[in-house]
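Each remark here refers to the structure printed beneath this line.
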Amino acid sequence: MELTFKGGCREVGRSGFLVNGEVLLDYGIKAGDIPEYPLNGMEPKVVLVSHGHLDHCGAVPNLMYQNPDVFMTPPTAEFTYLLGRDTLKLAESTLSGVSPFDPDDLQKLARRTQKVDFNKPFKSHRYRICFYDAGHIPGASGIFLESEAGESLFYTGDFSLQETRLVPGAARFPEADTLVLESTYFGEEHIPRKETEERFIESVLDTVDRGGTALIPAFAIGRTQEILMLLDAHGIRAYVDGMGRDVYKILKKYPEYLKEPERLDRAFGRAIPVKDQQRDSVLKEPSVIVTTAGMLNGGPVLYYLSRLYKDPKSKVLLTGYQVEGTNGRLALEHGFVETRGDILTLKPRVEKYDFSAHSGDSELKQVVKDFCRKGTERVFVMHGDKTEAFAEWILEEIGVDAYAPANGHTFSF
């Protein structure tokens with residue numbers, strides 16, 4: 001088997017690798033003021049997408065001129081199309097105007113994508129394939145791949161063993177000769193979810209009580225829905241703006257991918273949707289606003305910031321990881337954001353809460369131990385900024401060959 005890694009595997013921002021020169025697993029975009037796209041030079045026959053986040057699926061439409069077979073779970077297919085439309089829209093509004101694909105590519109992707117549910121084995125180009133529930137977000141899958149020669153590989157994608165309000169934790173993964181796993185939180189443990197939720201709710205209530213607006217930037221896919229469910233569980237009625245509403249409409253079609261779909265329905269039923277022309281009126285009194293984009297790079301959140309940045313009573317409550325180079329990272333570390341050429345120095349307090357849907361350090365290590373105990377012969381660590389350290393830990397503590405591939409590296413075994 002031969003693995004070729006593409007798209008900055010040591011970065012948190014993108015994922016993608018090629019198996020035997022013909023099966024591509026994920027192909028993403030790195031978020032930023034001007035998004036970064038992966039390197040070209042591949043001719044995959046099969047494309048398998050683990051889940052519908054931009055850093056895993058965002059560049060897949062770029063491959064459609066090669067007519068590959070494409071497989072995803074049903075929610076992932078719809079999220080990929082939704083994000084593709086948003087990427088095209090964003091490209092039109094940036095100075096670069098660069099997009100790696102056009103609307104025809106996106107339409108072709110929709111036609112070529114075959115939707116497959118969890119635990120439904122299928123075959124493509126002599127490979128046996130199966131998607132396994134990876135937790136993380138609805139439809140996120142770990143991917144099992146087996147060649148005709150019996151060589152097997154399992155790719156975790158982004159995964160979490162812990163349940164959230166939106167999805168259950170990852171399912172039991174299959175045995176495999178080779179393991180490729182994410183490492184986003186190697187060396188870091190998450191604060192217990194209950195503790196994070198309590199601190200978050202306390203801050204939201206404190207903000208409103210003192211006459212401010214609690215502005216909650218949230219990723220459209222997964223995080224917006226979870227945050228609204230959390231707020232609703234504490235009797236807090238929030239405004240909801242941005243693409244997270246479109247994602248909810250998609251999720252309503254796939255209740256089997258949710259932990260408690262009725263609670264999600266209740267949360268959105270009680271939330272107040274905001275149209276473009278209503279945004280100013282929302283800000284006339286203390287309020288709670290959940291809106292995209294989660295890293296402050298585009299979306300309605302920039303409008304709200306342009307109105308709130310001088311208000312010391314308000315807060316910006318970040319709910320996810322902020323990639324280097326994004327407005328979210330600038331706000332968190334330096335207290336300002338850049339928008340349409342202007343620099344806004346923020347008087348609202350900026351807080352970050354760990355609502356991560358990734359496994360923490362102990363869970364990452366346990367997954368590797370479980371795989372190796374069942375016969376895994378080699379491990380590739382990707383999608384994180386401590387991949388070398390994780391690979392060294394695997395070799396030293398478990399005694400199994402481990403690698404931290406860089407972009408463009410090829411391994412044969």
| Given side chains that start at C-beta, do those of F71 and S124 come closer than 4.5 Å, heavy atoms only? |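 F71 reaches S124 side chain to side chain.
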| task | Could you tell me whether the side chain of L395 reaches within less than 4.5 Å of the side chain of V379, counting heavy atoms only? | result | no
Quick one: does [X]'s side chain have a donor or acceptor within less than 3.5 Å of a partner on [Y]'s backbone?
X    : Y    : value
Q225 : A220 : yes
S183 : M382 : yes
R223 : T319 : yes
T113 : L109 : yes
S359 : E363 : no
T387 : A404 : no
S50  : G142 : no

| query | Sequence neighbours excluded, which residues qualify as salt bridge (Lys or Arg N to Asp or Glu O under 4.0 Å) partners of K115? | reply | none
| task | Please state whether the rings of H53 and H51 are parallel, tilted or perpendicular, taking 30° and 60° as the class boundaries. | result |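 H53 vs H51 ring planes: perpendicular.
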With a 4.0 Å cut-off on N to O distance, would you call [X] and [Y] a salt bridge?
X    : Y    : answer
D177 : R378 : no
D69  : K45  : no
E197 : R165 : yes
E78  : K253 : yes
R270 : D232 : yes
D104 : K108 : no
R126 : E146 : no
D86  : K89  : no
R349 : E351 : yes

| said: My understanding is that only one of F380, F371, F144 makes a ring pair (Phe, Tyr, Trp, His ring centres under 6.0 Å) with F154; could you say which? | reply: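 Among F380, F371, F144, the one that satisfies the ring pair (Phe, Tyr, Trp, His ring centres under 6.0 Å) with F154 is F371.
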